[in-house]
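The residues of the chain are indexed from 1 along the displayed sequence. As the structure lists them, so they are numbered: ligands from 1, and atoms in each ligand from 1.
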Amino acid sequence: MLSIQRGVNLAKHPPSRLNARMQSVLDYIEDNQSRFVDDLSEYLRFPSISAQPEHKKDIAACSKWIAGKCKEIGLKTEVCKTSGQPIVVARTPRKKNSRKPHYLVYGHYDVQPPDPLELWKTPPFKPQIANGNIYARGSTDNKGQHMAHLKAVEAYLKTGTDLPCDITFIIEGEEEVGSSNLTPFVQKRKKDFKCEGVVVSDTGMPSPKHPAVTYALRGVMALEVRLDGPARDLHSGVFGGSIENPAMALCQLMAKCRNDRGKVLVPGFYDDVEKLTKYEREQMAKVPHSDRAYLKMLGSPKIFGEPGYSATEQRSARPTFEINGLTSGYQGEGSKTIVPSYASCKITIRLVPNQKPQTILRQVKAHLKKVCPPSVKITIEGGHEGDPYLVAPKSDQVQAGLSALKKAFGHEAIVMREGGSIPIVNDFKKILGADTLLLGLALPDDNLHSPNEKFSLEQYRKGMIMSAHLWQGLGAS
Ligand code: BES
Ligand code: ZN
């Protein structure tokens, strides 16, 4: 049984150089930590798994619950239906002709499937607190991270402190499956969402001593490949050798897509890749990294990747071709001597600026069709996609982010790229003309998308403090 520990640091912030109003916001944050943790814990009980249709009701209940929390603190809140999952929109109260800068805060209440369940030490939707962390699916990705912003806004509203910015929260339920209904929704509400910028905490930082603003994300192109062979599974002794084995053919096909050092072999794949600048490579070298500690944390035997790039560069600034799941033949206990009738795999390709998902899909399809042997029938289906994202690492908004992070974490903040994807940020740019400020609170060992996902309660608390300072900085810039 894990011990319940509410031991967050309740020390008050020294009043030096903080005006009294800001002080009351920060005090409110400290004084309400235990309730804030309880709220997060309640939020984490919803199995809001967007990839699995049987959780539609849980998703709806989760969207209502978070909308209720927004209403409770005085936000004008709507739960908007879409042809997929509902989107929660919640605005701070504002004067009719407000001249304050308007910012969106984007987050997602949907989560990844928790499988494999047997690897969880405690059930994924029964949040447990241990060693200063809260363990549950969605704790860091992304419920805890956007809730930190909601709590900071609550602190302003409940202490009657003037918020320097008008803020609209957009909390969606389909980020983990590509955000396809959010794009038309943003388009439809373009006028309401006109803003100076978007704030997103859905990425990470290398450590609490190295808080970071992320200025680039990788894009993504998902696809599924299926090879069909014989009409049914066949006896491998009677027929094997005369009939192609689709599982073998799929392995051979995949080996023609990526070499053993991670280089993608699809013709034209690297044509649009923007070269890293000297400044960027210098910044990336500042991201703390030890191969040994990294391998230990991930339980992997050796660092992998193309020659000439560091692990930090590989995982954030280089494109990849990954198999996410492989299916074929007999998977049960013992052996079964068959030639399976088909083999399939799920693939995602991570893209870097300026690669385009549709161009890449075309190139990959053409390559697969060309190298696929005639002894199987190939079917390729494109899935969700998202463009890579890149903003100027030296903008005023980035400066405001760096400064808020430094105030909250007590350490100089760095700029860095990240390897994950948040597809909607490009649409915010295209539709609203707004840049996104990525202020990630996840730590490298938070197990995003893995068993035993957690969120550090210190990161949660400091995230709120960061958010409180951020509105001052953005309001002034
Ligand atoms: N929070 C992640 C994205 C992320 C994590 C970015 C860490 C940078 C660092 C987000 O919830 C996510 O998982 N996105 C998906 C998007 C995909 C389904 C289109 C991803 O990156 O796999
Ligand atoms: Zn995720």
All heavy atoms of Val364 vs all of Leu223, minimum pair found to be CG1-CD1, 4.1 Å

Are Gln112 and Glu176 linked by a side-chain donor-acceptor pair shorter than 3.5 Å?
yes

I need the nearest protein heavy-atom contact for atom 22 (O) of ligand 1: residue, atom name and distance, please.
Arg350 NH2, 2.7 Å

For atom 7 (C) of ligand 1, closest protein heavy-atom neighbour:
Leu448 CD2, 4.0 Å

Closest non-hydrogen protein atom to atom 8 (C) of ligand 1, residue and atom name please, with distance?
Thr203 CG2, 3.6 Å

Check whether any N or O atom of Glu175, backbone or side chain, sits under 3.5 Å from an N or O atom of ligand 1, and answer yes or no.
yes

Verify the distance test for Asp202 against the Zn ion (ligand 2): any N/O/S atom under 2.8 Å, yes or no.
no

Check for me whether His449 has a heavy atom closer than 4.0 Å to any atom of ligand 1.
yes

Specify side chain, backbone, both or neither for Thr348, according to which of its non-hydrogen atoms lie closer than 4.0 Å to ligand 1.
neither

What protein heavy atom lies closest to atom 18 (C) of ligand 1? Include the residue and the distance to one decimal.
Glu176 O, 3.4 Å

Could you check Arg91 against Leu75 for side chain to side chain contact (heavy atoms under 4.5 Å, CB included), going step by step and ending with a plain yes or no?
CA-CA 5 Å; Arg91 302 156 32 123; Leu75 303 185; over 6 Å; no

With a 6.0 Å cut-off on ring centres, are Phe125 and His55 close enough?
no

Looking at Asp141, the N/O/S atom that lies nearest to the Zn ion (ligand 2) is called OD2

Between the Zn ion (ligand 2) and His108, is there an N, O or S atom separated by less than 2.8 Å?
no

Nearest non-hydrogen protein atom to atom 17 (C) of ligand 1, with distance, is His384 CE1, 3.9 Å

Would you say Arg35 has more than 12 foreign heavy atoms packed within less than 6.0 Å of its CZ?
yes

Please classify the Pro423 to ligand 1 contact at 4.0 Å (heavy-atom distances, strictly less than): side chain, backbone, both or neither.
side chain

Can you say whether the rings of Trp65 and Tyr43 are parallel (under 30°), tilted (30 to 60°) or perpendicular (over 60°)?
parallel

Report the member of Leu438, Leu217, Asp202 with the shortest heavy-atom distance to atom 1 (N) of ligand 1.
Asp202

So, the side chain of Tyr460 versus the backbone of Phe36: is there a donor-acceptor pair under 3.5 Å, distance only?
yes

Numbered atoms of ligand 1 (with element) below 4.0 Å of Val220, judged on heavy atoms:
19 (C)

Looking at atom 6 (C) of ligand 1, what's its closest protein heavy atom, distance included?
Gly420 CA, 3.5 Å

Basic-acidic side-chain contact under 4.0 Å: Lys356, Asp387
no

Of the backbone and side-chain N, O or S atoms of Glu175, does one lie nearer to the Zn ion (ligand 2) than 2.8 Å?
no

Nearest atoms (heavy-atom pairs only) where Asp228 meets Tyr342:
OD1-CB, 3.5 Å

Looking at Lys406, I want to see if its NZ is surrounded by more than 12 non-hydrogen atoms of other residues, nucleotides or ligands under 6.0 Å.
no

Of Arg318, Arg261, Lys263, the residue whose pairing with Glu306 passes side chain to side chain donor-acceptor pair (under 3.5 Å):
Arg318

Got the closest protein heavy atom to atom 15 (C) of ligand 1, with its distance?
Ser421 O, 3.5 Å

Judged by non-hydrogen atoms, does Asn142 sit under 4.0 Å from ligand 1?
no

Is the His149 to Phe169 ring centre distance short of 6.0 Å?
no

Glu176 OE2 and His449 NE2 subtending at the Zn ion (ligand 2) (10° steps):
110°

With heavy atoms and a 4.0 Å threshold, my read on which part of His108 contacts ligand 1 is side chain

